[in-house]
Amino acid sequence: GQQLNQSPQSMFIQEGEDVSMNCTSSSIFNTWLWYKQDPGEGPVLLIALYKAGELTSNGRLTAQFGITRKDSFLNISASIPSDVGIYFCAGRPLNYGGATNKLIFGTGTLLAVQP
Amino acid sequence: DTAVSQTPKYLVTQMGNDKSIKCEQNLGHDTMYWYKQDSKKFLKIMFSYNNKELIINETVPNRFSPKSPDKAHLNLHINSLELGDSAVYFCASSLTGGGYGYTFGSGTRLTVV
């Protein structure tokens, strides 16, 4: 099935550092979403993006919808220990419509923050 | 007041058994989903129902059978469990289209021994 390539696979950083991760697809997407998953929990929506070039922030998180519509980026500024978790991108392919929309998830980025 | 609730949280069972996982959402959403998360944390969609109608049925063994008695509930029944079925199963819900994102439950960790 269709997959989104997400990188890096994992990151180990010091508290206070900025973090960047990205997600790429071979096809065009019309929606990009970023989720965070804490251990033992389900993914929680962080940011949603709906048009090419859109830049949206949620506190220390900023995400962008790539202008080619085939990629998206997530930045976390001034990381703190509670940022630890797995970050997933997810996208809705352009060729899906109506009630059959499904989200394709990226392979995830494991973030570890050392105090 | 949990938005999407799954039961049980943990399920340990022997090969060959039949088991069910239940999911309920109180968000007023009309679409529900089952995702499987494997040991590498990859999330793969299995099924989706919209207003009780099956709309997505990915390549899943027919031992897996979803059932949606109403749009607030989506259950997953698994027959003749195999070792490879061990994974975390997530239920999620959304409004039609899903473009505003899904709300996930906290998962059911299934271990087949």
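In what follows, chains are A, B, ... by sequence order, proteins preceding strands, each numbered from 1.
- Of all heavy-atom pairs spanning A:Glu41 and B:Ser106, the tightest one is OE1-CB, 3.5 Å.
- Proximity to chain A (any heavy atom under 4.5 Å) is shown, for B:Gln6, by neither the backbone nor the side chain.
- Here CZ of A:Phe105 is found 9.5 Å from CD of B:Gln37. Values are rounded to the nearest 0.5 Å.
- Surrounding CD1 of A:Ile67 are at most 12 heavy atoms belonging to other residues, nucleotides or ligands under 6.0 Å away.
- No donor-acceptor pair under 3.5 Å is formed between the side chain of A:Tyr35 and the backbone N or O of B:Gly101.
- The side-chain heavy atoms of A:Gln37 and B:Phe90, taken from C-beta on, include a pair separated by under 4.5 Å.
- In this structure, A:Gln9 CD and B:Lys40 NZ are separated by 9.0 Å, a value rounded to the nearest 0.5 Å.
- Residues passing the side-chain hydrogen bond (donor to acceptor under 3.5 Å, both in side chains) test with A:Gln114, sequence neighbours excluded: none.
- The environment of CD in A:Glu15 is crowded: more than 12 heavy-atom neighbours from other residues, nucleotides or ligands sit within 6.0 Å.
- The side-chain heavy atoms of A:Val44 and B:Phe104, taken from C-beta on, include no pair separated by under 4.5 Å.
- Remark: A:Lys51 NZ is loosely packed, at most 12 non-hydrogen atoms of other residues, nucleotides or ligands lying under 6.0 Å away.
- Residues B:Ile45 and B:Phe64 do not share a hydrophobic cluster, clusters being chains of Ile/Leu/Val/Met/Phe/Trp/Tyr side chains in contact below 4.5 Å.
- Side-chain atoms of B:Tyr33 do not come within 3.5 Å of backbone N or O of A:Leu103 as any donor-acceptor pair.
- More than 12 heavy atoms of other residues, nucleotides or ligands shown are found within 6.0 angstrom of CD on A:Gln14.
- Counting heavy-atom neighbours within 6.0 Å of B:Glu53 CD, excluding the residue itself, gives a total of 12 or less.
- Note that OG1 of A:Thr107 and CG of B:Leu43 are 10.5 Å apart. Values are rounded to the nearest 0.5 Å.
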